[in-house]
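The model shown is predicted, which means the values in this text are computed figures rather than measured ones. Whatever order the structure lists them in is the order used to number ligands and atoms, beginning at 1.
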Amino acid sequence: MIAITREVSPAITRCELTHLERTAIDVDVARAQHAAYERLLERLGCAVHRLPADPDMADSVFIEDTAIVLDEVAVITRPGARSRHVETPAVVEALRPHRTLARIVDPGTIDGGDVIVAGRQVFVGRSGRTNDAGIRQLRSILAPIGRSVVAVEVRGCLHLKSAATTVDNGTMLINPEWVPPGTFPGFEVIEIDPREPSAANVLRVGGSIVCAAASPRTQDILDQRGYQVAAVEVSELAKAEGAVTCCSLVFRK
Ligand code: CIR
């Protein structure tokens, strides 16, 4: 597996914020947490390739939003926040050796954080960042390779993946406050512990589930169901509304 990550910019203190009040972010702490996250990905079997960031790319570390990497194609997104458009050119160059590329173009917008790939189905959140034009474009890019795109409403959180992620091919971990349990027909659903609203954002790497250290009760739920859980501290990145999926693009070589 390859994991592409991107440096924490000193400008992270001016990051986009939608649901959180701005609080001071310690860039050194954010960088240390990011480095520990990268080491965890390496331990789980990824070759980590970290891209540099320009000092003005406030949200560069949240590289997930810039691309959707599938076995057949990588779709370069057009992020919903205009300040983030500067992030995509370097991601194009980083993915070019690995995949055929496709692109979301104006007037479409998609943040990768709104995209859940679950087998041949691709669920896409219609959110403050992802619009109908973007969803339509993604549908026409993926239809010829036999992948269907299902649009899902997102309310109360930034991205679809704030509310739900897969923990295996047939199971979704969800926060039912943000996404109704019936949203994913045919999938088994595990609900997070309600005291940990952000806990549904987990990252599958190999056979492990990477969770934020701030969600110990949800980790227990997963552990009891037999999942291999690996926790990582991302509290400083969480002040910028980041979580564990958004800090990497993980894909098969
Ligand atoms: C933003 O608002 O764009 C960033 N501050 C946070 C992006 C987090 N991305 C993600 O969870 N996929």
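- Taking Ile, Leu, Val, Met, Phe, Trp and Tyr as hydrophobic and joining them when side-chain heavy atoms fall under 4.5 Å apart, one finds Val91 in a cluster with Ile2, Ile4, Leu51, Ile63, Val69, Ile76, Val92, Leu95, Leu101, Leu249, Phe251.
- Of the heavy atoms in Glu64, only side-chain atoms (C-beta onward) come closer than 4.0 Å to ligand 1.
- In this structure, Ile192 is a member of the same hydrophobic cluster as Ile190, with clusters built from ILVMFWY side-chain heavy atoms closer than 4.5 Å.
- Nearest protein neighbour of atom 10 (C) of ligand 1, counting heavy atoms only, is Cys246 CB, 3.0 Å.
- Donor-acceptor pairing under 3.5 Å is recorded for the side chains of Tyr37 and Ser248.
- Near Arg84, with a cut-off below 4.0 Å to any heavy atom, the atoms of ligand 1 are 1 (C), 3 (O), 7 (C).
- Of the N and O atoms on the side chains of Glu87 and Thr66, not one donor lies less than 3.5 Å from an acceptor on the other residue.
- Nearest non-hydrogen protein atom to atom 8 (C) of ligand 1 is Glu241 O, 3.3 Å.
- Scanning all protein heavy atoms for the shortest distance to atom 2 (O) of ligand 1 gives Arg129 NH2, 2.8 Å.
- Among all protein heavy atoms, the one lying closest to atom 4 (C) of ligand 1 is Asp59 OD1, 3.1 Å.
- Note: Phe187 and Phe184 have perpendicular aromatic rings, judged against thresholds of 30 and 60 degrees for the angle between ring planes.
- Distances below 4.0 Å separate heavy atoms of Gly113 from the following atoms of ligand 1: 12 (N).
- No continuous path of ILVMFWY side-chain contacts below 4.5 Å connects Val229 to Val250, so the two sit in separate hydrophobic clusters.
- For ligand 1, none of its N or O atoms has an N or O atom of Thr18 under 3.5 Å away.
- The closest side-chain donor-acceptor pair between Gln121 and Ser148, if any, does not fall under 3.5 angstrom.
- Annotation for ligand 1: atoms under 4.0 Å from non-hydrogen atoms of His159 are 9 (N), 10 (C), 11 (O), 12 (N).
- Taking distance alone, with nitrogen or oxygen atoms compared against 3.5 Å, Thr245 stays at or beyond that limit from ligand 1.
- Residue, atom and distance of the protein heavy atom nearest to atom 6 (C) of ligand 1 are Ala240 O, 3.3 Å.
- Exactly one residue among Val152, Val149, Thr109, Ile104 makes a side-chain contact (heavy atoms from CB on, under 4.5 Å) with Ile135. That residue is Val149.
- A heavy-atom separation below 4.0 Å is found between Asp65 and ligand 1.
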